[in-house]
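Some notes on the structure that comes next.
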Amino acid sequence: MIHIRPQDKVFVLTGSGVSAESGIPTFRGVGGLWRNYRIEEVASPDAWAQDPALVWDFYSMRRSVAARAKPNPAHLALADLEKRLADRLFLCTQNVDNLHEQAGSRHVLHMHGELFKSRCDTCRRSPFPDDSSYEGPAQIPRCQCGGKIRPHICWFGEVPYELDRIFAALRHCTVFAAVGTSGVVEPAASFVAQVRGRARTYYVGPEEPVNASDFDQCFQAKAGKILPTLFALA
Ligand code: NAD
(Lines give C-alpha, C1' and ligand atoms only; values in the text may rest on other atoms or scores of the structure.)
Protein backbone atom coordinates (compact mmCIF):
# COMPACT_ATOMS: atom_id res chain seq x y z
CA MET A 1 0.00 0.00 0.00
CA ILE A 2 1.18 3.57 -0.72
CA HIS A 3 0.36 5.97 2.12
CA ILE A 4 -0.37 9.50 0.94
CA ARG A 5 0.01 12.21 3.58
CA PRO A 6 -1.82 15.55 3.43
CA GLN A 7 1.32 17.40 2.31
CA ASP A 8 2.27 14.89 -0.41
CA LYS A 9 2.35 15.71 -4.09
CA VAL A 10 1.97 12.61 -6.23
CA PHE A 11 3.42 12.08 -9.71
CA VAL A 12 2.02 9.05 -11.57
CA LEU A 13 3.68 7.93 -14.81
CA THR A 14 1.75 5.38 -16.84
CA GLY A 15 2.95 3.28 -19.75
CA SER A 16 1.37 0.89 -22.18
CA GLY A 17 0.98 -1.80 -19.47
CA VAL A 18 -1.86 0.19 -17.87
CA SER A 19 -3.93 -0.31 -21.04
CA ALA A 20 -2.96 -3.96 -21.61
CA GLU A 21 -5.97 -5.24 -19.65
CA SER A 22 -8.19 -3.09 -21.89
CA GLY A 23 -7.01 -5.09 -24.92
CA ILE A 24 -4.45 -2.60 -26.30
CA PRO A 25 -1.22 -4.56 -26.73
CA THR A 26 2.08 -3.19 -25.41
CA PHE A 27 4.83 -2.93 -28.04
CA ARG A 28 6.72 -5.68 -26.27
CA GLY A 29 3.50 -7.71 -26.15
CA VAL A 30 3.39 -7.86 -29.96
CA GLY A 31 7.12 -8.57 -30.17
CA GLY A 32 7.86 -4.98 -31.29
CA LEU A 33 6.70 -5.86 -34.81
CA TRP A 34 3.83 -4.86 -37.10
CA ARG A 35 3.47 -6.54 -40.55
CA ASN A 36 7.10 -7.57 -40.12
CA TYR A 37 8.21 -3.95 -39.67
CA ARG A 38 9.91 -2.99 -36.45
CA ILE A 39 7.58 -0.47 -34.80
CA GLU A 40 10.41 2.09 -34.61
CA GLU A 41 10.53 1.90 -38.44
CA VAL A 42 6.91 3.02 -38.88
CA ALA A 43 6.83 5.48 -35.98
CA SER A 44 9.62 7.83 -37.01
CA PRO A 45 10.18 11.03 -39.02
CA ASP A 46 12.19 9.01 -41.56
CA ALA A 47 9.27 6.64 -42.14
CA TRP A 48 6.97 9.65 -42.62
CA ALA A 49 9.37 11.18 -45.16
CA GLN A 50 9.75 7.91 -47.08
CA ASP A 51 6.30 6.33 -46.91
CA PRO A 52 3.52 8.38 -45.24
CA ALA A 53 0.87 5.91 -46.47
CA LEU A 54 2.55 3.11 -44.50
CA VAL A 55 2.67 5.33 -41.41
CA TRP A 56 -1.05 6.16 -41.75
CA ASP A 57 -1.83 2.42 -42.23
CA PHE A 58 -0.14 1.76 -38.89
CA TYR A 59 -1.92 4.59 -37.06
CA SER A 60 -5.28 3.75 -38.68
CA MET A 61 -4.88 0.22 -37.32
CA ARG A 62 -3.99 1.62 -33.87
CA ARG A 63 -7.01 3.96 -33.97
CA SER A 64 -9.33 1.07 -34.74
CA VAL A 65 -7.91 -1.07 -31.87
CA ALA A 66 -8.07 1.84 -29.40
CA ALA A 67 -11.61 2.84 -30.48
CA ARG A 68 -12.90 -0.53 -29.27
CA ALA A 69 -11.12 -0.38 -25.89
CA LYS A 70 -12.74 0.53 -22.60
CA PRO A 71 -10.98 1.69 -19.43
CA ASN A 72 -10.06 -1.00 -16.92
CA PRO A 73 -9.96 -0.84 -13.10
CA ALA A 74 -6.47 0.73 -13.19
CA HIS A 75 -7.66 3.73 -15.23
CA LEU A 76 -10.71 4.05 -12.99
CA ALA A 77 -8.56 3.95 -9.83
CA LEU A 78 -6.38 6.79 -11.14
CA ALA A 79 -9.46 8.86 -12.03
CA ASP A 80 -10.72 8.27 -8.49
CA LEU A 81 -7.32 9.31 -7.10
CA GLU A 82 -7.59 12.60 -9.01
CA LYS A 83 -10.99 13.21 -7.38
CA ARG A 84 -9.42 12.71 -3.95
CA LEU A 85 -6.13 14.57 -4.50
CA ALA A 86 -7.21 17.23 -7.02
CA ASP A 87 -4.12 19.25 -8.01
CA ARG A 88 -1.87 17.24 -5.70
CA LEU A 89 -1.90 14.56 -8.43
CA PHE A 90 0.07 14.96 -11.66
CA LEU A 91 -0.82 12.21 -14.15
CA CYS A 92 1.66 11.87 -16.99
CA THR A 93 1.11 9.14 -19.56
CA GLN A 94 3.27 7.76 -22.33
CA ASN A 95 0.10 6.30 -23.79
CA VAL A 96 -1.55 7.76 -26.83
CA ASP A 97 -4.96 6.17 -26.19
CA ASN A 98 -7.66 8.12 -24.35
CA LEU A 99 -8.55 5.54 -21.69
CA HIS A 100 -7.54 7.77 -18.76
CA GLU A 101 -9.96 10.43 -20.03
CA GLN A 102 -12.67 7.82 -20.69
CA ALA A 103 -12.26 6.69 -17.07
CA GLY A 104 -12.88 10.25 -15.87
CA SER A 105 -9.37 11.71 -15.43
CA ARG A 106 -9.59 15.40 -16.31
CA HIS A 107 -5.93 16.40 -16.23
CA VAL A 108 -3.74 14.03 -18.22
CA LEU A 109 -0.44 15.04 -19.75
CA HIS A 110 0.14 12.97 -22.91
CA MET A 111 3.89 13.28 -23.32
CA HIS A 112 3.89 11.13 -26.49
CA GLY A 113 0.81 12.69 -28.08
CA GLU A 114 -2.70 11.50 -28.70
CA LEU A 115 -3.91 8.88 -31.15
CA PHE A 116 -7.21 10.65 -31.82
CA LYS A 117 -5.59 13.93 -32.83
CA SER A 118 -3.75 14.96 -35.99
CA ARG A 119 -1.72 17.97 -37.03
CA CYS A 120 -0.05 19.50 -40.07
CA ASP A 121 3.56 18.44 -40.77
CA THR A 122 4.34 21.88 -42.15
CA CYS A 123 2.40 24.78 -40.59
CA ARG A 124 1.83 25.66 -36.94
CA ARG A 125 -1.90 24.93 -36.93
CA SER A 126 -2.87 23.41 -33.57
CA PRO A 127 -3.48 19.65 -33.28
CA PHE A 128 -7.15 18.85 -33.86
CA PRO A 129 -9.46 15.93 -32.99
CA ASP A 130 -9.41 13.24 -35.69
CA ASP A 131 -10.59 9.63 -35.47
CA SER A 132 -10.49 8.84 -39.21
CA SER A 133 -8.69 5.97 -40.90
CA TYR A 134 -6.47 6.83 -43.85
CA GLU A 135 -5.47 3.80 -45.84
CA GLY A 136 -3.51 3.89 -49.08
CA PRO A 137 -1.46 6.69 -50.68
CA ALA A 138 -4.53 8.39 -52.22
CA GLN A 139 -5.96 9.03 -48.79
CA ILE A 140 -3.20 11.04 -47.14
CA PRO A 141 -5.05 14.11 -45.86
CA ARG A 142 -3.77 17.58 -46.76
CA CYS A 143 -3.77 20.83 -44.83
CA GLN A 144 -4.99 24.08 -46.38
CA CYS A 145 -1.34 25.19 -46.43
CA GLY A 146 -0.44 22.24 -48.68
CA GLY A 147 1.35 20.27 -45.95
CA LYS A 148 0.47 16.69 -45.11
CA ILE A 149 -1.67 15.90 -42.08
CA ARG A 150 0.19 13.55 -39.73
CA PRO A 151 -0.76 11.78 -36.48
CA HIS A 152 -0.24 13.95 -33.37
CA ILE A 153 2.29 11.48 -31.99
CA CYS A 154 5.79 11.94 -30.69
CA TRP A 155 7.74 9.56 -32.90
CA PHE A 156 11.03 7.88 -32.07
CA GLY A 157 13.68 10.58 -32.49
CA GLU A 158 11.29 13.47 -31.69
CA VAL A 159 11.13 15.46 -28.46
CA PRO A 160 8.24 14.56 -26.11
CA TYR A 161 5.64 17.22 -25.41
CA GLU A 162 5.42 19.58 -22.44
CA LEU A 163 8.70 18.54 -20.83
CA ASP A 164 8.87 21.87 -18.93
CA ARG A 165 5.62 21.10 -17.10
CA ILE A 166 6.74 17.52 -16.49
CA PHE A 167 10.11 18.52 -15.01
CA ALA A 168 8.45 21.13 -12.80
CA ALA A 169 6.07 18.49 -11.44
CA LEU A 170 8.96 16.07 -10.91
CA ARG A 171 10.82 18.73 -8.91
CA HIS A 172 7.85 19.17 -6.58
CA CYS A 173 6.62 15.60 -6.13
CA THR A 174 7.09 13.67 -2.88
CA VAL A 175 5.61 10.39 -4.17
CA PHE A 176 6.45 8.96 -7.60
CA ALA A 177 4.62 5.91 -8.96
CA ALA A 178 5.29 4.33 -12.36
CA VAL A 179 2.71 1.90 -13.72
CA GLY A 180 3.16 -0.54 -16.62
CA THR A 181 6.26 0.89 -18.23
CA SER A 182 9.34 -1.17 -18.95
CA GLY A 183 11.86 1.58 -18.15
CA VAL A 184 13.41 1.45 -21.61
CA VAL A 185 11.99 4.46 -23.48
CA GLU A 186 13.71 7.76 -22.60
CA PRO A 187 13.26 10.34 -21.20
CA ALA A 188 10.40 8.77 -19.14
CA ALA A 189 12.67 5.93 -18.03
CA SER A 190 14.90 8.45 -16.18
CA PHE A 191 12.15 10.30 -14.30
CA VAL A 192 12.47 8.00 -11.30
CA ALA A 193 16.24 8.56 -11.09
CA GLN A 194 15.61 12.32 -10.95
CA VAL A 195 13.32 12.12 -7.93
CA ARG A 196 14.99 9.23 -6.12
CA GLY A 197 16.20 10.13 -2.63
CA ARG A 198 13.78 13.07 -2.43
CA ALA A 199 10.49 11.30 -3.19
CA ARG A 200 9.20 7.82 -2.28
CA THR A 201 9.30 5.77 -5.48
CA TYR A 202 7.07 2.83 -6.48
CA TYR A 203 6.57 0.60 -9.50
CA VAL A 204 3.48 -1.42 -10.44
CA GLY A 205 3.53 -4.12 -13.11
CA PRO A 206 3.80 -7.89 -13.56
CA GLU A 207 7.53 -7.82 -14.45
CA GLU A 208 10.42 -5.89 -12.99
CA PRO A 209 11.26 -2.88 -15.17
CA VAL A 210 14.89 -2.51 -16.31
CA ASN A 211 15.30 0.44 -13.90
CA ALA A 212 13.90 -1.54 -10.93
CA SER A 213 16.84 -0.57 -8.68
CA ASP A 214 15.67 3.08 -8.75
CA PHE A 215 12.40 2.19 -7.01
CA ASP A 216 11.97 1.89 -3.24
CA GLN A 217 9.33 -0.78 -3.79
CA CYS A 218 7.99 -2.77 -6.75
CA PHE A 219 4.44 -4.18 -6.59
CA GLN A 220 4.70 -7.11 -8.98
CA ALA A 221 1.12 -7.53 -10.23
CA LYS A 222 -1.21 -6.40 -12.99
CA ALA A 223 -2.23 -2.77 -12.66
CA GLY A 224 -5.97 -3.53 -12.78
CA LYS A 225 -5.63 -5.88 -9.86
CA ILE A 226 -3.54 -3.73 -7.56
CA LEU A 227 -4.31 -0.05 -8.27
CA PRO A 228 -7.88 0.00 -6.93
CA THR A 229 -6.57 -0.62 -3.39
CA LEU A 230 -3.02 0.73 -3.67
CA PHE A 231 -3.36 4.30 -2.41
CA ALA A 232 -4.32 5.04 1.20
CA LEU A 233 -4.95 8.70 2.00
CA ALA A 234 -4.19 9.92 5.50
P1 NAD B 1 6.64 -1.30 -23.06
O2 NAD B 1 5.90 -2.07 -24.12
O3 NAD B 1 8.10 -1.13 -23.25
O4 NAD B 1 6.43 -2.04 -21.66
C5 NAD B 1 5.15 -2.39 -21.19
C6 NAD B 1 5.25 -2.75 -19.73
O7 NAD B 1 3.95 -3.00 -19.26
C8 NAD B 1 6.09 -3.99 -19.47
O9 NAD B 1 7.04 -3.72 -18.48
C10 NAD B 1 5.05 -5.01 -18.96
O11 NAD B 1 5.57 -5.85 -17.94
C12 NAD B 1 4.01 -4.09 -18.40
N13 NAD B 1 2.66 -4.68 -18.32
C14 NAD B 1 2.09 -5.62 -19.13
N15 NAD B 1 0.84 -5.91 -18.70
C16 NAD B 1 0.62 -5.13 -17.61
C17 NAD B 1 -0.47 -4.96 -16.72
N18 NAD B 1 -1.60 -5.66 -16.87
N19 NAD B 1 -0.34 -4.07 -15.69
C20 NAD B 1 0.80 -3.35 -15.54
N21 NAD B 1 1.87 -3.49 -16.34
C22 NAD B 1 1.78 -4.35 -17.37
O23 NAD B 1 5.84 0.04 -22.90
P24 NAD B 1 6.26 1.49 -22.39
O25 NAD B 1 7.27 1.39 -21.31
O26 NAD B 1 4.98 2.21 -22.17
O27 NAD B 1 7.03 2.20 -23.59
C28 NAD B 1 6.86 1.95 -24.93
C29 NAD B 1 6.16 3.03 -25.75
O30 NAD B 1 5.01 2.40 -26.22
C31 NAD B 1 5.66 4.28 -25.10
O32 NAD B 1 6.28 5.33 -25.76
C33 NAD B 1 4.15 4.34 -25.44
O34 NAD B 1 3.85 5.60 -26.00
C35 NAD B 1 3.97 3.32 -26.50
N36 NAD B 1 2.70 2.56 -26.53
C37 NAD B 1 1.51 3.08 -26.11
C38 NAD B 1 0.36 2.31 -26.15
C39 NAD B 1 -0.94 2.92 -25.71
O40 NAD B 1 -1.15 4.12 -25.91
N41 NAD B 1 -1.83 2.14 -25.09
C42 NAD B 1 0.42 0.98 -26.59
C43 NAD B 1 1.65 0.47 -27.03
C44 NAD B 1 2.79 1.26 -26.98
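Both counts, for ligands and for their atoms, begin at 1 and track the order of listing. Keep in mind the model is a prediction, meaning the values are calculated, not measured.
Among Arg62, Glu114, His112, the residue whose heavy atom lies nearest to atom 37 (C) of ligand 1 is Arg62. Of the candidates Ala221, Ala20, Pro206, Gly205, it is Pro206 that places a heavy atom closest to atom 22 (C) of ligand 1. Among Lys222, Glu208, Gln94, the residue whose heavy atom sits closest to atom 34 (O) of ligand 1 is Gln94. In this structure, of Pro209, Gly180, Gly183, the residue bringing a heavy atom nearest to atom 6 (C) of ligand 1 is Gly180.
Enclosure of atom CD in Glu186 by more than 12 non-hydrogen atoms of other residues, nucleotides or ligands within 6.0 angstrom is indicated. No more than 12 heavy atoms of other residues, nucleotides or ligands sit less than 6.0 Å from atom OH of Tyr37.
Counting only heavy atoms of the protein, atom 3 (O) of ligand 1 lies nearest to Ser182 OG, 2.5 Å. Counting only heavy atoms of the protein, atom 19 (N) of ligand 1 lies nearest to Ala223 N, 2.9 Å. Summary of contacts: the protein heavy atom closest to atom 35 (C) of ligand 1 is Phe27 CE1, 3.7 Å. Looking only at protein heavy atoms, the nearest one to atom 17 (C) of ligand 1 is Gly17 O, 3.3 Å. With respect to atom 18 (N) of ligand 1, the closest heavy atom belonging to the protein is Glu21 OE2, 2.8 Å. The closest protein non-hydrogen atom to atom 25 (O) of ligand 1 is Thr181 OG1, 2.7 Å. Considering only non-hydrogen protein atoms, atom 10 (C) of ligand 1 sits nearest to Glu207 OE1, 3.3 Å.
Heavy atoms of Met111 found under 4.0 angstrom from ligand 1: none, in either backbone or side chain. When heavy-atom distances to ligand 1 are checked against a 4.0 Å cut-off, Tyr203 comes that close only through its side chain, counted from C-beta outward. At a 4.0 Å heavy-atom cut-off, ligand 1 touches Pro25 through the backbone alone. Both the backbone and the side chain of Ser16 come within 4.0 Å of ligand 1, judged by heavy-atom distances. Looking at Val185 against ligand 1, only its side chain comes within 4.0 Å, counting heavy atoms.
At a threshold of 4.0 Å, the pair Glu101-Lys117 does not count as salt-bridged, since none of the basic side-chain nitrogens sits closer than that to a carboxylate oxygen. Salt bridge annotation for Lys9-Asp87: absent, with no cationic side-chain nitrogen under 4.0 angstrom from a carboxylate oxygen.
Counting heavy atoms from C-beta on, the side chains of Leu233 and Leu81 come closer than 4.5 Å.
Put simply, CG on Leu91 and CD on Glu82 are 7.5 Å apart, with the number rounded to the nearest 0.5 Å. Taking OG of Ser182 as the start and CD of Gln94 as the end, the distance is 8.0 Å to the nearest 0.5 Å. Put simply, CG on Asn72 and CD1 on Ile24 are 9.5 Å apart, with the number rounded to the nearest 0.5 Å. For the atom pair NZ of Lys148 and SG of Cys143, the computed distance is 12.0 Å after rounding to the nearest 0.5 Å.
Taking both residues in full, the closest heavy atoms of Arg200 and Asp216 are given as CA-OD2, 3.3 Å, listed atom of the first, atom of the second, then distance.
A chain of hydrophobic side-chain contacts below 4.5 Å, direct or via other Ile, Leu, Val, Met, Phe, Trp or Tyr residues, connects Phe231 to Val18.
Below 3.5 Å of separation, one finds an N or O of Val96 facing an N or O of ligand 1.
Heavy atoms of Asp97 come nearer than 4.0 angstrom to ligand 1 in at least one pair. Heavy atoms of Val18 stay at 4.0 angstrom or farther from ligand 1.
Residue Ser19 approaches ligand 1 through these ligand atoms, each under 4.0 Å from one of its heavy atoms: 41 (N). Below 4.0 Å from some heavy atom of Gly15 lie the following atoms of ligand 1, by number and element: 26 (O). Heavy-atom proximity to Ile24, at under 4.0 Å, picks out these atoms of ligand 1: 41 (N).
No side-chain N or O of Asp46 forms a donor-acceptor pair with one of Ser44 less than 3.5 Å apart.
A cation-pi arrangement is absent between Arg62 and Trp34 under the rule of less than 6.0 angstrom and at most 45 degrees off the ring axis.
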